[in-house]
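We're numbering straight along the sequence, starting at 1.
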Amino acid sequence: MQDEAALLSFEHQLHLSETIGEHAWETDLAEHRFSFTGDHPLTCTDMHLLGSAAPGPKSWLWSWANPAGYRDEVLELAKFVRAFGERNGIPELTTPEIPFDALPGAPTEPAAVTALMMEASKVAAVRWTGYQGPVGGGTRAGFLIEHPDFVLPPPAGPRVSRVLQQGLAELRIYDHRRAFESYALYRGLKFQHNGPQMYISGLDFSVSVQFNDRNLVTAMSMNLSGSRT
């Protein structure tokens with residue numbers, strides 16, 4: 001699930017950063033409201049609290065299991081993710097509280113744990129824009145947020161090139177082939193496999209990728225309207 005989410009999620013986070021610019025954030029769970037202030041003030045049309053990662057107990061707590069209790073609209077998507085986990089046998093999505101060291105890679109920082117759980121939730125919910133922030137005492141809360149401005153523009157060569165190259169350099173991806181194929185599917189791009197190679201194409205670009213026997217990228221070239229990079 002992490003590999004499936006990686007590149008599309010990365011592109012959405014790039015788009016979110018460009019959309020809101022320098023900012024601060026605030027949320028009112030009682031009013032079901034999530035807003036950004038700063039360069040481009042914006043109030044989300046919907047928000048979903050997934051859960052929180054706390055350094056004290058060193059655990060992730062799903063929002064639907066939090067004894068504080070929240071209104072149904074805040075929890076609806078987290079419960080949908082739980083149901084997805086139940087159908088597919090994914091205990092990390094169904095266990096109310098999960099120790100950090102029980103998660104893949106045994107992360108130790110709340111921010112890393114929150115990012116991990118947000119990425120899995122994005123695949124289950126097919127919602128791709130997330131935000132996490134501090135909520136006191138070193139705890140981080142993870143949200144999925146929605147607004148028409150967060151919808152990605154049609155895929156263009158320069159942006160796809162950046163997503164693939166920067167994503168490979170900065171993200172922890174275990175199966176590159178799976179990540180590339182998932183990204184192409186979600187973005188409506190054409191793709192085909194030919195042994196160790198994969199070809200991805202859009203209206204103004206094409207990408208050729210070479211993989212080794214562990215499905216890791218060994219070479220990649222892109223043709224942007226006639227120029228190869």
Side-chain angles (χ1 to χ4, degrees), residues 1-14 16-17 48-66 77-145 162-186 198 209 211-218 220:
M1 292 182 73
Q2 297 293 317
D3 290 346
E4 287 183 13
L7 294 171
L8 186 64
S9 175
F10 180 62
E11 184 173 14
H12 275 83
Q13 297 311 120
L14 287 175
L16 174 65
S17 179
H48 315 277
L49 176 63
L50 297 174
S52 56
K58 294 183 171 58
S59 63
W60 166 267
L61 179 66
W62 285 102
S63 59
W64 43 263
N66 195 310
L77 199 68
K79 291 180 178 179
F80 181 89
V81 171
R82 179 180 63 187
F84 178 94
E86 290 170 347
R87 292 194 304 272
N88 293 278
I90 306 172
E92 293 87 350
L93 303 184
T94 62
T95 303
E97 188 169 6
I98 308 165
F100 288 178
D101 59 10
L103 294 169
T108 58
E109 295 299 322
V113 170
T114 304
L116 190 71
M117 303 308 286
M118 286 169 57
E119 294 302 284
S121 297
K122 288 176 180 181
V123 176
V126 197
R127 312 285 178 90
W128 298 102
T129 301
Y131 194 88
Q132 65 158 293
V135 291
T139 297
R140 307 282 293 192
F143 302 84
L144 295 186
I145 53 177
R162 179 184 177 186
V163 168
L164 297 182
Q165 294 185 59
Q166 192 172 340
L168 278 178
E170 297 182 6
L171 304 177
R172 175 178 286 184
I173 302 175
Y174 298 94
D175 187 326
H176 291 165
R177 186 190 287 267
R178 183 173 186 175
F180 275 55
E181 180 175 318
S182 295
Y183 177 72
L185 277 169
Y186 284 126
M198 180 180 181
V209 191
F211 300 94
N212 63 18
D213 57 2
R214 293 182 296 143
N215 284 337
L216 302 180
V217 172
T218 58
M220 180 170 61

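- Annotation: side chain to side chain contact (heavy atoms under 4.5 Å, CB included) contacts of Lys79 (sequence neighbours excluded): Trp64, Asp72, Leu75, Arg82.
- From Asp175, atom CG reaches atom CD of Gln2 across 13.0 Å, with rounding to the nearest 0.5 Å.
- Looking at heavy atoms from C-beta onward, Trp62 lies in side-chain contact with Val81 at the 4.5 angstrom threshold.
- Under the side-chain hydrogen bond (donor to acceptor under 3.5 Å, both in side chains) criterion, Arg162 pairs with Gln166, not counting sequence neighbours.
- Two residues are said to be in side-chain contact when any heavy atoms from C-beta on lie closer than 4.5 Å; Trp128 and Val123 meet this criterion.
- Heavy-atom neighbours of Arg87 CZ from other residues, nucleotides or ligands within 6.0 Å: above the threshold of 12.
- Counting heavy atoms from C-beta outward, Phe211 and Thr218 have side chains that stay 4.5 Å or more apart.
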* Asked: Would Met220 and Leu168 satisfy side-chain contact (heavy atoms from CB on, under 4.5 Å), going step by step from the backbone distance to the final call?
  -> CA-CA 11 Å; Met220 180 170 61; Leu168 278 178; 4.0 Å; yes
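- Taking every heavy atom of both residues into account, Ala179 and Ile173 meet most closely at CB-CG2, 3.7 Å.
- Here the CZ-NE2 distance, from Phe143 to His48, works out to 11.5 Å after rounding to the nearest 0.5 Å.
- Side-chain contact between Arg178 and Asn215: absent, with no pair of heavy atoms (C-beta onward) separated by less than 4.5 Å.
- A distance of 10.5 Å separates CE in Met117 from CG in Leu61, rounded to the nearest 0.5 Å.
- Ser52 places none of its side-chain heavy atoms less than 4.5 Å from the side chain of Arg140.
- Here the shortest heavy-atom pairing between Gly130 and Leu16 reads O-CD2, 3.6 Å.
- Judged by distance alone, the side chain of Thr114 and the main-chain N or O of Gln132 form no donor-acceptor pair under 3.5 Å.
- One finds the CG atom of Leu7 at 6.0 Å from the CZ atom of Phe180 (value rounded to the nearest 0.5 Å).
- Expressed to the nearest 0.5 Å, how far CE of Met1 lies from CG of Leu93 amounts to 5.5 Å.
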Extract all donor-acceptor atom pairs below 3.5 Å that involve side chains of residues 94-112 and protein atoms in other chains or at least two apart in sequence.
from, atom 1, to, atom 2, distance (Å)
Thr94, OG1, Pro91, O, 3.3
Thr95, OG1, Pro91, O, 2.8
Glu97, OE2, Ser59, OG, 2.5

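- Between atom CZ of residue Arg127 and atom CG of residue Leu77 there is a gap of 5.0 Å, rounded to the nearest 0.5 Å.
- Smallest separation of non-hydrogen atoms from Ala141 and Val135: CB-CG1, 3.8 Å.
- You'll find the side chain of Leu8 stays beyond 4.5 Å of the side chain of Lys122, heavy atoms only.
- For the pair Asn88 (side chain) and Ile90 (backbone), a donor-acceptor distance under 3.5 Å is absent.
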